[in-house]
Every structure is written in C-alpha cells, then in structure tokens.
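Model, not experiment: these values are computed from the prediction.
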Amino acid sequence: MNKMGLKDKLEDDELDLSLMQLTDIPVKDIEKLGNKVLKLNVSHNLLTLVPGNLPLLTHLTAIDLSKNKIKELPENFGQLVKLRSLDLYCNEIEKLPVSFAQLKSLKWLDLKENPLVPELAKAAGPCITKMDCEQAAKRVVARLQSIESQLFQERKKRLEAEEKIRRQKEKEEEAERERLRAEKKLAKEKRREEARLRDLESKDQLEGDKNNVQINGMPSPKKGPIKNGRLHDSENSGSTAGFSCFGFLLKLMMLVSFCAVATGVFLLWVYTDGKMDSESIKRAVPIIQRDVETNLLAMGKKSEKFYKDVEKSARPYVKQTLKTVGDAYKEASVKANQGYNWVEDNYGDSLRHGYSEARIHLLQAWQATKLWALEAWQVTKHLSLIAWEKVYELYQELLPTLVRFWLQVEPYFEKVGRHFNAMVREAVTAIQTNLPVYIEWVNVTWEKIYAIVHQYIIQLVA
C-alpha cells in the first residue's frame with residue numbers, strides 16, 4: 001500500500017485500516033505520514049504478529065488490534081511510551097512482553113477473548129465496562145512492572161554469584177601463581193650462587209692477566225673488592241651510583257658558560273685577526289660593542305615594526321572570529337537544549353532502561369578485560385625475567401674480555417687526557433689575561449639591552 005492510499009484512510013488523526021484482509025501492518029508507509037497519525041486501527045484483519053518496527057512509531061496514542069490472530073507482541077513494545085489506549089480483544093495472546101511495564105501512560109486495555117496465562121488473566125479482569133478496562137490497564141502494567149523488578153533482581157543475583165565464583169577462581173589462580181613464583185625464586189637464587197662461584201674463578205684469571213700487564217710496564221687500574229660477582233671501583237663506586245638531576249643541571253650550566261666564553265673568545269679572535277694580544281683586544285672591544293649594539297637595535301626596531309603590522313592586520317579578523325564563535329556557541333546551546341528536550345520527551349525512559357542494561361554489560365566486559373590483562377601481565381613478566389637472565393649470563397661471559405681490553409687501551413686514554421688538559425690550561429691562561437676587558441664590555445652591553453627592553457615594554461603597556 002502506497003502513501004497516497006493511506007492518506008485516503010486518514011481522517012483527522014486516526015488511520016483506519018480495518019476490514020482490509022491485511023496480513024502485515026505497513027509500518028514504513030505509516031511512518032511517512034509523520035505525526036499526523038496518532039490513532040491506528042487495524043482490527044478485523046488477518047494479522048498473526050505485530051512487526052518489530054511498529055513500536056518505533058512512538059507518537060501513537062491509541063492502537064486497535066482486535067479481531068486478529070496475533071499470538072504475541074514484540075519485545076520492544078514498551079517503546080510506545082505515549083500509548084493511552086490498546087485494544088487486543090479476540091486474539092491468541094498468552095503472554096505480554098516484559099517491556100509492557102514501561103507503558104506508564106496506558107489508561108485503557110482490553111484483553112478479552114485471549115488464552116492468557118492465569119496470572120495475567122486475573123490481572124486483566126473481565127473488561128466489560130470502561131472502568132473495568134481502565135482498571136485492567138493499571139493492574140496489568142503494575143504486574144509487568146513487578147515481573148520486571150523480579151527479573152532485574154534475579155539477574156543481579158546471578159551476576160553476583162558469577163562474580164563470587166570468578167573471585168574464588170582468581171584467588172585459586174593467585175595461590176598457584178604464588179607457588180610458581182616461589183619455585184622460580186628458589187631456582188633464581190640457585191643460579192645466582194652458581195654465577196658467583198664462576199665470578200670467583202674469573203677473578204683469579206683476571207688477577208693473573210693484571211700481573212702480566214704490570215710486568216710489561218703498563219699501569220693497572222685500582223680495583224675494589226668483588227661484590228655480588230662484579231668488580232667495583234673502590235674510589236668511584238659511590239659517585240657513579242646513579243644519575244642525579246642536580247648533576248645534570250650543573251653540567252648544563254657549565255656547558256652554557258663554556259659556550260658563552262667560547263663565543264666571546266671567538267669574536268675577539270675574529271676582530272683581532274687571530275693576534276689575541278692585549279693591545280689588539282683593547283682596540284677590538286669597542287668595535288665589537290658597537291656592532292653588537294647596532295645589530296640588537298636593528299633587530300628590536302624590526303621586531304617592533306613586525307608586531308605592529310601583524311596586530312593591525314589581524315585585529316579585524318580576531319574580532320570577527322570572536323563574534324562568530326560567540327554567535328555559534330549561543331545558537332548551538334539553544335539547539336542542544338531543544339534536542340535534549342525532544343530526546344527526553346520521546347526516548348527518555350527507553351534511554352534510561354538501555355543505560356541500565358548497557359551498564360550491566362559494561363561491568364561484565366570490564367571484569368573480563370581486567371582478568372585478561374592480569375593474565376597478559378603475568379605472561380609478559382615471566383618472559384621478561386627469562387630475557388633478563390639470558391642478558392645477565394651473556395654479560396658474565398663477556399666481562400673478562402672487556403676487562404682485558406680496557407687494561408690494554410687505558411694508557412692511550414691517559415695520554416689523550418694529559419694533552420687535552422694542557423690545551424685547556426693554555427686557553428684558561430689566555431682568558432684570565434684578557435677577561436677583565438671582556439667582562440666589562442659584557443656588563444655595559446647587558447645594561448643597555450635591559451634599558452631598551454624595559455622602555456619598549458613600558459611603551460607597549462601604556
């Protein structure tokens with residue numbers, strides 16, 4: 001049946017499709033008519049079921065399904081939250097869906113001539129008069145609400161029982177894991193003891209290599225005692241215990257200071273053509289000062305001009321953007337409120353019920369995910385311990401070779417260190433000779449830069 005055919009059956013707000021030998025309700029065609037249809041009459045047809053998409057027509061206030069062969073209603077029938085009148089007279093219905101408890105607006109219900117279960121038949125009553133049908137609606141909805149509550153309690157108890165079983169299982173698994181950890185710990189201690197004995201044997205061999213090196217004229221490093229199977233430097237073991245934040249900051253400050261001094265020395269070397277004597281430095285300092293001041297003033301003027309140009313060109317766009325964003329926010333707030341009110345009026349109860357169901361499923365999923373994550377962590381931890389033991393064994397095997405290599409290359413490092421120290425002492429001597437002039441120039445330049453920046457900030461604030 002098309003849309004034009006349905007319009008012919010629409011009178012006021014009631015769509016009359018009775019006595020048409022229908023075997024199915026044309027829900028999609030009815031949906032196209034929109035909110036014009038508030039009452040639906042499909043009585044005296046050949047219907048055996050109600051389609052599951054009929055409850056999506058939540059604006060319906062009255063439905064007449066009498067004189068059909070309907071055996072059951074869809075499980076989501078409770079979505080018709082605005083339904084006030086429902087006629088199910090003379091069908092083959094035995095039970096009603098639990099969602100029927102959500103029809104809180106239902107004021108009239110007729111369930112006569114249906115093979116209802118005794119409990120439901122008692123709640124429906126005879127429905128002979130209008131008052132009987134009104135009482136039937138109240139009692140049936142109340143009865144279904146009671147059943148829904150009972151089902152919820154049963155589901156809750158079932159979940160609690162499952163949770164209890166799961167926790168008991170977790171305790172048993174944790175006890176088993178604890179037993180395995182104890183066994184692994186004992187095995188690990190055994191391997192450490194074996195490694196310590198191997199290190200003691202390696203020590204004797206290293207001492208022999210050390211004596212051979214001393215005989216050949218090579219100095220030997222001062223070594224401390226063996227601790228936990230490893231050689232320790234008796235003088236530096238405390239200082240190299242770990243990396244501290246203070247040490248890092250101190251090194252960073254030293255690096256910055258060195259760079260500043262190196263920059264000054266480089267400028268003096270360039271402006272004195274590499275002579276670096278006292279007279280050349282005295283002549284170069286005023287020139288360096290003048291060049292630096294000129295460059296700084298030029299950079300300041302360019303920055304000020306760039307800032308003013310950007311501010312002038314961007315101000316209209318910023319104002320327009322702020323105005324557009326403000327208007328859009330106000331309009332979005334109004335639309336959001338309207339959408340919230342519409343959703344609350346049409347789907348509020350359904351969404352709350354769906355939220356409660358989703359919350360239960362999410363709790364179950366969370367418990368399962370937590371259990372899986374715990375098992376994955378245990379497996380990862382076990383594999384990591386195995387990998388660490390392998391790395392440690394490899395380290396123990398390579399340690400004698402590394403020590404012998406260091407004994408051979410240590411004299412060359414000492415030679416390079418002495419040469420580097422000599423170069424540093426020469427550079428320090430040159431800086432100490434000429435540094436007072438350079439320091440005075442830095443102080444004067446810094447005071448001028450501070451005065452320029454301070455005056456510029458005052459102008460911007462004003």
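Side-chain contact between Val140 and Leu111 is present, with heavy atoms from C-beta onward closer than 4.5 Å. Inter-residue side-chain proximity for Val379 and Glu375 is flagged as unmet; no heavy-atom pair is nearer than 4.5 Å. Residues Leu96 and Leu116 form no side-chain contact, since every pair of their non-hydrogen atoms from C-beta on lies 4.5 Å or further apart. A 4.5 Å side-chain heavy-atom check between Thr48 and Thr23 finds every atom pair outside the cut-off. Taking 4.5 Å as the limit, some side-chain heavy atom of Arg179 sits within range of a side-chain heavy atom of Glu176. Side-chain contact check for Val27 versus Leu57: some heavy-atom pair is nearer than 4.5 Å. At least one side-chain heavy atom of Lys67 sits less than 4.5 Å from a side-chain heavy atom of Cys90. The closest side-chain heavy-atom distance from Leu374 to Arg177 is below 4.5 Å.
Taking 4.0 Å as the cut-off between side-chain N and carboxylate O, Lys157 and Glu160 do not count as a salt-bridged pair. Between Arg155 and Glu148, none of the side-chain N atoms (NZ, or NE/NH1/NH2) sits under 4.0 Å from a carboxylate O, so this pair counts as no salt bridge. Of the charged side-chain nitrogens involved, none lies within less than 4.0 Å of a carboxylate oxygen, so that Glu172 and Lys169 do not count as a salt-bridged pair. Salt-bridge check for Lys71 with Glu92: passed, with a basic side-chain N closer than 4.0 Å to an acidic carboxylate O. Taking the charged nitrogens against the carboxylate oxygens, Lys301 and Glu304 have no contact shorter than 4.0 Å, which rules out a salt bridge. Comment: Glu163 engages Arg167 in a salt bridge, judged by a side-chain N to carboxylate O separation of less than 4.0 angstrom. Taking the charged nitrogens against the carboxylate oxygens, Glu154 and Arg158 have no contact shorter than 4.0 Å, which rules out a salt bridge.
A donor-acceptor pair is defined here as one N or O able to donate and one able to accept, closer than 3.5 Å; such a pair exists between the side chain of Ser313 and the backbone of Asp309. Here the side chain of Asn68 pairs no donor or acceptor atom with the backbone of Tyr89 at under 3.5 angstrom. Put simply, the side chain of Asp199 never gets that close to the backbone of Arg196: no donor and acceptor are under 3.5 Å apart. Between the side chain of Asn114 and the main chain of Asn91, a donor-acceptor pair closer than 3.5 Å is present. Using modelled atom types, one side-chain atom of Asn41 and one backbone atom of Ser43 make a donor-acceptor pair closer than 3.5 Å. Between the side chain of Asn45 and the main chain of Gln21, a donor-acceptor pair closer than 3.5 Å is present. Without hydrogens or angle criteria, Ser99 side chain to Gly78 main chain gives a donor-acceptor distance under 3.5 Å. No donor-acceptor pair under 3.5 Å is formed between the side chain of Asp87 and the backbone N or O of Leu65. The main-chain N or O of Val334 is never found under 3.5 Å from a side-chain atom of Asn337 such that the two would form a donor-acceptor pair. When atom types are taken as modelled, the side chain of Asp24 and the backbone of Pro26 share no donor-acceptor pair closer than 3.5 angstrom.
In terms of heavy-atom proximity, Leu60 sits nearest to Lys39 at CD2-N, 4.4 Å. Scanning all heavy atoms of the two residues, the minimum distance from Gln79 to Pro55 falls at CB-O, 3.7 Å. Pairing each heavy atom of Ile70 with each of Glu72, the nearest pair is CG2-O, 3.4 Å. Scanning both residues, Ala124 and Ala136, for their nearest heavy atoms gives O-CB, 3.0 Å. For the residue pair Leu38 and His59, the shortest heavy atom distance occurs at CD2-O, 3.5 Å. For the residue pair Ala137 and Trp108, the shortest heavy atom distance occurs at CB-N, 3.7 Å.
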Exercise for the section: Give the C-alpha distance, both sets of side-chain angles, the deciding distance and a yes or no for side chain to side chain contact (heavy atoms under 4.5 Å, CB included) between Leu6 and Leu17. Expected result: CA-CA 8 Å; Leu6 289 181; Leu17 300 178; 3.8 Å; yes
Exercise for the section: Decide yes or no on side chain to side chain contact (heavy atoms under 4.5 Å, CB included) for Lys370 and Trp366, but give the supporting numbers first. Expected result: CA-CA 6 Å; Lys370 188 165 62 173; Trp366 165 247; 4.1 Å; yes
Practice task
Verify side chain to side chain contact (heavy atoms under 4.5 Å, CB included) between Lys104 and Val81, making sure each step is shown before the conclusion.
Solution key: CA-CA 7 Å; Lys104 299 178 181 180; Val81 292; over 6 Å; no
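Take Glu389 and apply the salt bridge (Lys or Arg N to Asp or Glu O under 4.0 Å) test, not counting sequence neighbours, and it matches Arg191. For Lys335, there are no salt bridge (Lys or Arg N to Asp or Glu O under 4.0 Å) partners at least two apart in sequence or on another chain. For Glu189, the salt bridge (Lys or Arg N to Asp or Glu O under 4.0 Å) criterion is met by Arg192, not counting sequence neighbours.
Other residues, nucleotides and ligands contribute at most 12 non-hydrogen atoms within 6.0 Å of the CD atom of Glu331.
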